[in-house]
Every structure is written in structure tokens, then in C-alpha cells.
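These notes are about the structure you will find just below.
First listed ligand is number 1; within each ligand, the first listed atom is number 1.
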Amino acid sequence: MEVSYAAKAFATIEFVRHLARHPIGLDVCSMGELLTAERAEFRPDRLTLHGAGKTDEELQAACGGRVGSIVVDGLEELERLAAISRAASARCARVILRLNVGIETETHAFVRTGGDDTKFGIHARDETAALAMLRANPQLGFAGLHGHVGSQIPEPSAYVANAAVLLGAAERFAQAGMRTERLVIGGGFRVKTHPDDGGESLDVEQTLGAVRTYVVNRARERGLPVPRLGIEPGRAIVARAGTTLYRVLAVKRQTHRTFVVADGGIAENPRPALYGARHLVVTATPASGDDAEMTLCGRSCENDELGTVRLPRGVRAGDLLAMCATGAYTYSMAGNYNRFPRPAVVGISDGAPRLLARRESLDDVLRNDLGLEAQAK
Ligand SMILES: *Cc1c(COP(=O)(O)O)cnc(C)c1O
């Protein structure tokens, strides 16, 4: 099993440097993520370039030896890559085709990326054209097939279904003389972040066992070489490692609800507003009284609720709260709405804290603004 961590879940240079010491690859989907990997001295051959729409600069990076593999997300992109690789002097990254596997899982439609009406991947009708383009461009080394069905998937069966569609394509590719060495079944393993959420986290070991058995059996049955399996977990690796600390700025008892206003919100943690993400919140400093239901919100000029929480009635301004399991897609999605600086990130290993990203300063927030020159004159 080849594991490639999806950098978009969380990446800083120090964290990627830590990953580089392990037998794991890294999926990057922007120049920023690629540069992070390079500054962390991550081995280029273990990097995979992703993205639903890639820029010329990114395709040139793939043709310039900066990544080992590229997951091509469309026919047009394959054509552009072919053209750039013809002009390039370095060896082009190995090509993995992302297929729109069209899987209608019974799972969360709102985070699905593999249904046949999403923007991701190559549509089945374009498969033959993609094959022809690869054969006409031998400088593009074909490495395998890819399908990613979505995020927060609780069902092992979705991964087996995905592998089945990919293997079907691998069979057609084999008939055309193209060997699928790698079969990448994506990430999206569900991580439960609130005890009241139904169900459990996806059992990754069991899921991968089921996929492996299916792939080995079916490949043998059809006389195909067994491809190497690949996964791309993001959340499953970092979600539980992260905790967000909030300082309570105000507690307001309104007609029906008690609002706890924290020194964060939609700017540094957009996920609750974006797709109703829920996290367990506990007090990190002592507070008296029995627990009561309260609404935790941020201090943006929005109704930016971070969740319905149970906290001691005595909670008040100055207290610290801990929001659990925010390691994935929180810091990486943070922005500067309301011109709030982004928070710092501290990594803790064997009890020893270490700063991974410093707190943004107000100068950082203003650094792209022009206009101060006029004042100086
Ligand atoms: C985001 C993404 C992943 C990781 O998803 P998680 O839910 O964090 O595991 C894997 N593969 C692709 C193609 C992605 O876009």
C-alpha cells in the first residue's frame, strides 16, 4: 500500500519535514504546497501534483522534475501537459489519470467528489481519447488510475466500488497495451469529531483489507497484473492531532440562548459555517457550575457560530476553551476576514512544544496594501 498524505489538510514546512522522515508521499495541489514541500526538502519523486484545474506554471513544474507523479484531471489538461512536456528538457512526471468514477454512494452527497456530475476527473466517454493521447505521447509515462469519491466517507463499500470502477478501466487500458501499475483509491476516510455525531470513524484497516482482497481476486480472475494500491489520507492523519485554543471574550445571556464569544471564528475556522462541521468543546481552564447548553461563536461581524456546546455555567471572559480534533482543514483554510491575524500553530511531540507557524502580526495582515507611500511624501 502506498500512502500519500494530502497536504491540503494541514501543511507547514516543519510538519512536512517531519513527514519526510517517514515512508510516505505527499500530494500537493498548488505552487504554495509544492514550495512548502521543497523548502522541507521532501524528495521530489515522492511528490504528486493534484488539482482540478492546473496552471501552466504547475504543469511546467511537473515537466521540470519537481514532482514524481501528476494526477491528470481532464482531457484538456492531458493535452496541455503533452505540449509542455514536448518542449521540456527534464523528464516529465509519471502520469496518473483521475477518472470520474461516477459512484453514487449512499454516503454524504454534500462532500461527494466522485459522482458523475462533479467537476472532478475524466468522464467515462473521454477514456478512449485519453488513452489515444497517451499512446501518441510516449514521453508521458503512464503510471496508473485514480478515483477519489469524497470526504468523510463512513462506508468501506464505497472504496471497493471505487476500486471496481478503476479496475474495469485498467482492463480496457490493458487491452490497449497500457499497464496500470498503480491504482489510487483516494482519501476521505471519515473521522468522527463529535461524540454526538452518529456512526463511527471509518475502520481504515478493515476497509483497505476489503479493497486489497477485491483487487487481488479480480485482477487474477481477469489475468491482469495486480496493481500497487495507493491511498491519500489527509484528515485521518491530522484531524485528531489538532486542538484549537480559544480565549473567551464575552458571555452574553440573551432571551433564549447564552452566547460565548471566542477570539476566533469564521476567519480561522470556516468549516462549521461552510459545512456544519461539529467538534467537541471543553474548558481548558477551571470554571464552576454544572454544564449548560451554550452557543459558541466567533467575533466576526457575522452570526459565525462555531457550534452548540455544553460548558459550565460559570464560564466567563478570560477562560480558555479547547476545541478538539481540529487538525485537518482548519489552519489550512484560515483567512484574514475582518483583518484578523491568523493564529500560531504549536506542535507537541513527546511532551515538548515547538512553534510550527508563528502568529501573524498586524503588519502581516497589511503587507499587501499599497498607499502608505503617499502618506510618507
Ligand atoms: C482532499 C483530497 C484527499 C484527502 O481527503 P481527506 O478527506 O482529508 O482524507 C485525497 N485525495 C484527493 C484527490 C483530495 O482532493
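Nearest-heavy-atom check against atom 15 (O) of ligand 1 across Q152, H50, K8 picks out K8. Summarising the contacts of atom 6 (P) of ligand 1 with A236, G188, P233, A7, the nearest heavy atom is found in G188.
Between Y331 and F10, the ring planes are tilted. Angles from 30° to 60° get that label.
Residue contacts with ligand 1: E232 is placed with a nitrogen or oxygen under 3.5 Å of a nitrogen or oxygen of the ligand (distance criterion only).
Atom CD of E41 has 12 or fewer neighbouring heavy atoms from other residues, nucleotides or ligands inside a 6.0 Å radius.
For the residue pair S69/R94, the side-chain donor-acceptor check at 3.5 Å is not satisfied.
Note on K54 versus D73: no salt bridge recorded, every NZ/NE/NH1/NH2 to OD/OE distance being 4.0 Å or above. For R358 and D364, the salt-bridge test passes: some basic side-chain N is under 4.0 Å from an acidic carboxylate O.
Residue G234 approaches ligand 1 through these ligand atoms, each under 4.0 Å from one of its heavy atoms: 4 (C), 6 (P), 8 (O), 9 (O).
Ranking protein heavy atoms by distance to atom 7 (O) of ligand 1, first place goes to S151 OG, 2.5 Å. Scanning the protein for heavy atoms near atom 8 (O) of ligand 1, the closest one is Y329 OH, 2.5 Å.
By the criterion of a heavy-atom distance under 4.0 Å, both the backbone and the side chain of R235 are placed next to ligand 1.
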